[in-house]
Number of protein chains: 2
Amino acid sequence: MQARLSSREGQSVSTEDEAIEPVAAAEEWRERHGSSRKPTINDVARIAGVSKRTVSRVINNSPLVKEKTRTEIGKVIDIVGFSPDPQARGLAFRHSYLIGMIYDNPNPQYVVNMQQGILAGLNKSGHELVLHPCDRESDTFLQDVRQFIERLKLFGVILTPSVSEDERIVEMLREIGCAYIRIASVALEDNDNMIVSNDRIGGREAGRHLAGLGHERIGFISGKPSFRSSRERRAGFEEALAERGLTLDPALVRDGAYTFQSGLERGRELLQMDPRPTAIFAANDEMAVGVLQALSIAGLRVPDDMSIMGYDDFQISISVWPRITTVHSPVSRLGELAAEKLLLLKEQEGLAGGDETCTPWLIERESTAAPRK
Amino acid sequence: MQARLSSREGQSVSTEDEAIEPVAAAEEWRERHGSSRKPTINDVARIAGVSKRTVSRVINNSPLVKEKTRTEIGKVIDIVGFSPDPQARGLAFRHSYLIGMIYDNPNPQYVVNMQQGILAGLNKSGHELVLHPCDRESDTFLQDVRQFIERLKLFGVILTPSVSEDERIVEMLREIGCAYIRIASVALEDNDNMIVSNDRIGGREAGRHLAGLGHERIGFISGKPSFRSSRERRAGFEEALAERGLTLDPALVRDGAYTFQSGLERGRELLQMDPRPTAIFAANDEMAVGVLQALSIAGLRVPDDMSIMGYDDFQISISVWPRITTVHSPVSRLGELAAEKLLLLKEQEGLAGGDETCTPWLIERESTAAPRK
DNA sequence: CTGAAAGCGCTTACAG
DNA sequence: CTGAAAGCGCTTACAG
């Protein structure tokens with residue numbers, strides 16, 4: 001009994017000895033250097049009484065550290081407020097902790113939502129987002145992107161439409177061994193590198209809504225036909241019409257460019273058809289608002305004289321009157337998933353995370369109604 | 001003659017010797033390692049036959065390098081395509097080449113324009129932009145910003161309204177010695193750290209326009225009163241009215257929040273006044289469009305029943321019908337100037353560049369007209 | 001499970 | 001005007 005007690009005490013003392021000492025040292029360090037100096041791995045190692053190699057192991061979650069050592073070092077790290085210098089780490093690892101966002105979509109709302117999603121996905125991972133807007137038409141496009149990546153030794157990149165659809169850039173990325181995630185309306189390759197927005201499903205929602213209201217003579221304004229999303233939204237739309245035995249009259253189809261101006265102009269053309277369509281589906285909100293303006297100028301009323309639908313569910317769709325029925329596209333969620341997937345992609349080389357997908361959905365508002373008899 | 005000739009020849013040979021050799025070596029290097037290896041400062045030094053210290057001097061534009069040596073090394077750098085690793089440089093310099101954009105303005109168009117301007121100002125300087133959206137209401141706001149800066153050892157930061165108006169953050173930046181540029185509607189401190197958008201002038205333009213059209217009973221919807229831009233735009237507006245002997249009737253003034261929704265609500269209130277104002281100046285486009293929607297819903301016509309003015313000249317102002325008369329605010333130009341100034345600020349400590357300012361200007365559209373008799 | 005040494009690609013006193 | 005050495009803050013074989 002006596003022995004056991006003393007043995008217990010001895011044990012407890014010994015653990016305290018090892019436990020208290022570094023903690024006390026850490027606290028003293030904090031007192032002395034306060035917020036004037038940022039601790040380095042060397043400080044932590046000295047305070048904890050281990051080599052920096054071991055501290056490094058703790059930082060990098062190496063399994064070969066005794067649990068006690070790990071906890072000990074962890075405490076010191078917390079107390080002195082150590083966080084490894086990404087620059088020094090990057091230099092040793094031969095890559096940075098920067099993620100590049102490569103984009104050419106000119107819509108501010110899209111860009112901001114996407115950025116916000118990516119930042120959310122990067123969360124407290126220690127990675128930062130750097131921007132690379134680009135122009136696919138430029139002669140130096142590929143070269144610029146490559147330089148951007150190599151100079152900064154990027155951790156990886158996220159590509160958004162339409163630059164994500166460009167096979168030249170993807171080929172280049174593979175060549176230089178840069179990790180990437182492509183966000184696109186449909187799976188363009190192996191799912192490991194893709195986040196898909198399923199625009200075909202969104203198009204279908206739009207088609208079902210208008211057909212369901214009883215429209216038969218429907219106009220369609222696409223985005224740039226070279227953009228995959230334009231084709232997907234249209235294909236989904238036509239599929240939905242087909243379900244009702246309807247087809248899209250080629251005379252009522254116009255190629256837009258996802259811009260307000262193109263919506264205004266193509267909308268104006270469709271208005272002048274005789275008989276004019278009873279509804280128009282514009283492949284994004286920006287164009288739908290253009291169509292609405294064309295109607296307003298022509299003195300026609302929405303939805304009485306014509307229904308209008310958009311796609312995206314951006315602020316603009318509720319800023320106009322009547323508010324635009326649209327399809328919600330979860331842009332920021334796509335960004336978040338892309339960021340998470342990119343992080344996983346590097347972590348467990350090749351074994352990328354779950355194949356979560358995003359599905360767009362219908363948002364009904366005042367701009368659509370049954371056609372007049 | 002003979003002697004002179006041979007002397008010339010000798011000279012020419014000797015310069016060629018020194019000139020050709022490194023160039024040839026550089027070309028050979030390029031052949032061999034092609035695009036497979038990125039050259040380092042060591043490669044350049046070896047090829048040029050100098051120490052890396054000297055190459056470093058060339059990179060950093062040190063004046064103590066013989067002109068010939070500099071040219072020589074410059075050639076080698078061009079041929080092998082050397083560009084110094086910002087990570088390694090940063091580690092040695094104890095700072096990175098990253099510029100932080102700290103912002104809390106929720107308007108996507110504002111954010112994107114600003115980013116684009118900053119990127120343009122950063123140009124090919126080798127600096128990159130990292131984003132830090134923030135929430136001034138958060139308890140950890142200051143701490144988060146500080147961590148962001150210290151962890152990344154930022155080169156400097158650019159603050160946009162309204163976070164740029166927060167003295168707490170500026171104080172913290174000074175404390176940790178972080179270079180910064182504040183973008184704001186008015187000079188909040190020494191010009192060295194400011195880029196001003198002169199919103200008072202913009203407000204004046206709005207006031208002159210409406211007063212000039214003959215409006216006397218004018219409504220005003222402000223942004224959040226705590227935002228400096230709200231107060232500046234209003235002050236300028238009132239100054240312009242005063243020039244015509246008019247004053248703003250307090251009963252027709254409403255506090256908005258720069259959001260569409262607030263414009264819609266405050267607009268609705270103003271419509272119900274009896275007699276109602278003949279014109280409303282909303283302190284940004286987003287709210288102006290809200291007012292327009294309120295009018296539309298009430299069945300009133302713009303500008304026949306009432307004129308509406310906004311501020312910003314964003315896309316939204318021409319996406320609605322009638323298009324909104326507004327004041328152009330050169331947001332991206334502000335960003336560009338801020339970036340340039342930040343770069344200069346660090347370069348010649350304290351001696352920041354010219355005090356270029358940006359002036360907003362009036363954009364007349366269909367939403368304003370003389371009041372009905 | 002832990003450590004001493006070398007290295008990532010740069011810069012900076014210090015000499016000369 | 002130029003160079004050899006040490007250092008920025010990390011990681012990585014290699015030993016033990």
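So that the names make sense, note that chain A is the first sequence line, chain B the second, and so on, each numbered from 1.
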CG/B:D139: more than 12 non-hydrogen atoms of other groups inside 6.0 Å: no
Phosphate-side-chain proximity, A:T40 and D:dG9, N/O vs OP1/OP2 below 4.0 Å: no
d(CD1, A:I77; P, D:dG9) in whole Å: 16 Å
Spacing of B:Q87 atom CD relative to D:dC10 atom P, expressed in whole Å: 13 Å
Residue of the set A:R37, A:K38, A:R30 for which salt bridge (charged side-chain N to carboxylate O under 4.0 Å, His left out) holds with A:D43: A:R37
Most 5' of A:S83 and B:R70 on DNA chain D, judged by nearest nucleotide: B:R70
Result block: side-chain N/O donor-acceptor pairs under 3.5 angstrom for residues 88-95 of chain B, not counting sequence neighbours:
from	atom 1	to	atom 2	distance (Å)
B:R89	NH2	B:N60	OD1	2.5
B:R94	NH1	B:A92	O	2.6

Main-chain N/O of A:Y103 paired with A:T160 side-chain donor or acceptor, under 3.5 Å: no
Atom pair distance, as rounded to whole Å: NZ in B:K68 and C1' in D:dT2: 15 Å
Earlier contact from the 5' end, DNA chain D, for B:T69 and A:L91: B:T69
Rounded distance in Å - CG (B:L64) to C1' (D:dG3): 13 Å
Strand partner of D:dA4, provided both Watson-Crick or wobble distances fall under 3.5 Å: none
Distance-minimising heavy-atom pair for B:V55 and B:V44: CG1-CG1, 3.9 Å
Atom-pair distance (CG on B:N42; P on C:dG7), nearest Å: 12 Å
Separation of D:dC8 P from B:D85 CG (nearest whole Å): 18 Å
Residue pair A:F141 / A:I169, side-chain heavy-atom distance below 4.5 Å: yes
Between C1' of C:dC10 and NE2 of B:H95, the distance in whole Å: 12 Å
Reported CG-to-OH distance for the pair A:D192 and A:Y180, which is rounded to 0.5 angstrom: 9.5 Å
5′-ward residue of the pair B:K38/A:V50 relative to DNA chain C: A:V50
Contact pattern, 5' to 3', of nucleotides 11-16 of chain C - B, S or - by protein heavy atom under 4.0 Å: BBB---
